[in-house]
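Numbers here are sequence positions counted from 1.
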Amino acid sequence: MVEDSRPHGGGRLAPPAAAALAVLAAGAAVGLAAEFHFLGWTSLPGNGCGGPYSPCPDGTTPTLLLAFLLTFTGFPAAAAAVAALTKARPGRALPAVLLTAGVLLALWPGRQAYLWMRGPVLDVAWKAGPDRPPTVRGLGVWTAGPGSATVVRVRTDALVAYDARGGDRAWTLRAPVRESVCGMSESVTDGIGLVAFGRFAKPCDTVWGVDVRTGRKVWERGIDGVTDSSEARDSLLTADAGVAVALADGSVRGFGLADGAPRWTAKVTDARARKDDVECTPLVASAARGTTRVVVTCSSLSGDLRTARLLTLDTATGRETGRRPLPVESAVRTAVVVSAEPFTLLLQEEDKRGLAAVLSWSGTGGEPVGIPLTTDDEDLTVLPDDGSFAARPALSAVVEGRSLIVAAAVPGKDDPERISAYSLADGRPLWHTDLGAPIAALAPADRGELAVLGSDARLYTLDERDGGRRGEADGTTVRGAVGDYGELAGGSQLLRAGGTWIVVNSTGSSSPPVLGLRP
């Protein structure tokens, strides 16, 4: 008689086969436990996280929970399965091979599961070295133009250019001896950036034209500076249509952008003002589409007269084409250009009951549309109150099309946690999106999108038309940023260059002056 060697029980696996599968499955559990421990702990920024201002990256908690669960179940299960297989089929080689195979087979699915739990992530791809000396401050930022990978951080004592793709220094241009940067143009025009210097407690009276691609000083001109201190100020310089425009003492001056050759001088004080002993000073300037706009304030020596007006000049010739009074009665406390085209201005008086609004001109010569900084629903945060980037502030507002998109704080909150949009045509609110975390920086993105960097280490992408979130609902985690940014919530600038998101800090001694973020 021949004994039937087929497995009994209607096709059930024989004990050795069942034990072998159990060892393979236990090996997979052990592999997942080890992989999740590694991925979970290495995802923690700065070796620690937690709390509203330093949250753990998405997926960290479930990854570590699964790691511990699989550790406490996988290792005992592996020991029991190996013992069962050894009993059914003596030998050490097969259990070891099956355990190793189970671990290896689990690695790819485990990685995919972790990526799903984690969601989209931006890593700190590179960080620039700290500022030296540590007392210098960042005053503003330029990019060399659309598609360029060069980012120029203008600081107190120098202009430093970085390659956005890897963070290497492209060039450094030092300020003159004993002089500090006191002004810069809001952007680069035709490859030329404008920067001004002044000595301590002296006027801001030296202007350079700088080729931002090479860091070469193209030209230098002296002017009668508008300030009596070397402290940096915003919008003293601007450029458009081949002309560099600089504010001087009681006048506006035009120079050739390419060579610095003097073009024209426009006085801001008319004959009547001089006769009545009234002194006028240009505050800020902005040029776009052949037109230069200058905010001018006038006051009598007795102090009983204070006025302000918007002066319009032809950029090519300096010829005055218009002047309109601004709706202020007390001294102007804040005047900041939000956008050159359409011309949009943040204007605040010293009078607490006076004007505090964003004003926008449609370009048709009509009256400005005003958007109050404070409403019943929210307070607009256009300008950081920490004084960072004094020569070109890191604004929490952008103008896209005919809309002002701005960070806002709801009543009861000290920090802005909302993005709101207003029509520049009539000032009405269009939409708002609450993010639930303080906003650190914002910048236009691609395809009609707005990128918002929160101090919760997340990068949110919003649709400019309606504020709807694009991509992941909770934003993209910035892994490694918490603890590395330092001054993230204190007026950082966010911009796109060379396919990389760039964060620029004003203070670059305790935190990186510039860092790059990539998926």
Side-chain angles (χ1 to χ4, degrees), residues 43 45-46 57-58 115 118-131 138 140-155 159-172 186-188 191 193 212-215 388-389 392 394-396 398 400 439-462 464 469-472 475-508 511-519:
S43 71
D58 291 341
L115 293 176
R118 183 193 68 175
V121 169
L122 288 172
D123 284 309
V124 175
W126 54 264
K127 297 184 292 185
D131 282 337
V141 184
W142 289 328
T143 57
S148 172
T150 301
V151 176
V152 181
R153 180 171 177 261
V154 179
R155 65 186 206 185
L159 286 70
V160 184
Y162 298 90
D163 184 343
R165 294 164 295 195
D168 296 329
R169 283 198 181 192
W171 51 262
T172 300
E186 67 270 27
S187 61
V188 172
V212 298
R213 292 158 294 197
T214 63
S388 58
F389 295 109
R392 187 53 193 160
L395 302 179
S396 298
V398 297
E400 290 297 321
I439 294 164
L442 55 84
D446 299 326
R447 304 179 304 277
E449 297 175 351
L450 179 76
V452 183
L453 184 62
S455 59
D456 61 349
R458 281 167 172 77
L459 186 70
Y460 302 87
T461 305
L462 307 181
E464 293 175 350
R469 294 186 182 181
R470 292 190 175 180
E472 293 296 316
T476 301
T477 301
V478 182
R479 184 174 58 182
V482 179
D484 290 336
Y485 279 11
E487 300 295 324
L488 175 61
S492 298
Q493 292 210 42
L494 176 69
L495 53 95
R496 187 82 164 169
T500 304
W501 282 111
I502 307 296
V503 177
V504 185
N505 289 315
S506 177
T507 302
S511 57
V514 184
L515 53 89
L517 306 175
R518 288 203 198 102

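R169 has its side chain within reach of V160: a pair of non-hydrogen atoms, C-beta onward, lies under 4.5 Å apart. Residues L450 and E400 form no side-chain contact, since every pair of their non-hydrogen atoms from C-beta on lies 4.5 Å or further apart. Counting only heavy atoms from C-beta outward, the side chains of L494 and W501 approach each other to under 4.5 Å. Considering only heavy atoms from C-beta on, V141 stays 4.5 Å or farther from V152 through its side chain. Counting only heavy atoms from C-beta outward, the side chains of W126 and V514 approach each other to under 4.5 Å. With a 4.5 Å cut-off on side-chain heavy atoms, L453 and V503 count as touching. Contact of the W142 side chain with the T150 side chain is not registered, since no non-hydrogen atoms from C-beta on lie closer than 4.5 Å.
Minimum heavy-atom separation, A128 to P513: O-CD, 3.7 Å. Closest heavy-atom contact between S492 and A394: O-CB, 3.8 Å. For A164 against I502, the heavy-atom pair with the smallest separation is CB-CD1, 3.8 Å. Heavy-atom minimum distance, R392 versus E186: NE-CB, 3.7 Å. The nearest pair of heavy atoms linking G191 to R213 is CA-NH2, 3.9 Å. Scanning all heavy atoms of the two residues, the minimum distance from G138 to R153 falls at N-NH2, 3.5 Å.
Contacts of T500 classified as side chain to side chain donor-acceptor pair (under 3.5 Å), with partners at least two apart in sequence or in another chain: R518. Checked against side chain to side chain donor-acceptor pair (under 3.5 Å), E449 has the following partners two or more places apart in sequence or in another chain: R470.
Considering OG1 of T461 and CZ of R469, their distance stands at 10.5 Å, rounded to 0.5 Å. Residue F389 holds its CZ atom at 8.5 Å from OG1 of T507, rounded to the nearest 0.5 Å.
In this structure a side-chain-to-backbone donor-acceptor pair under 3.5 Å is present from N505 to P512. Looking at R458, its side chain never comes within 3.5 Å of a backbone N or O of V452 through a donor-acceptor pair.
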>> Applying side chain to side chain contact (heavy atoms under 4.5 Å, CB included) to T143 and L495, what does each step give before you reach the verdict?
In response: CA-CA 9 Å; T143 57; L495 53 95; 3.7 Å; yes
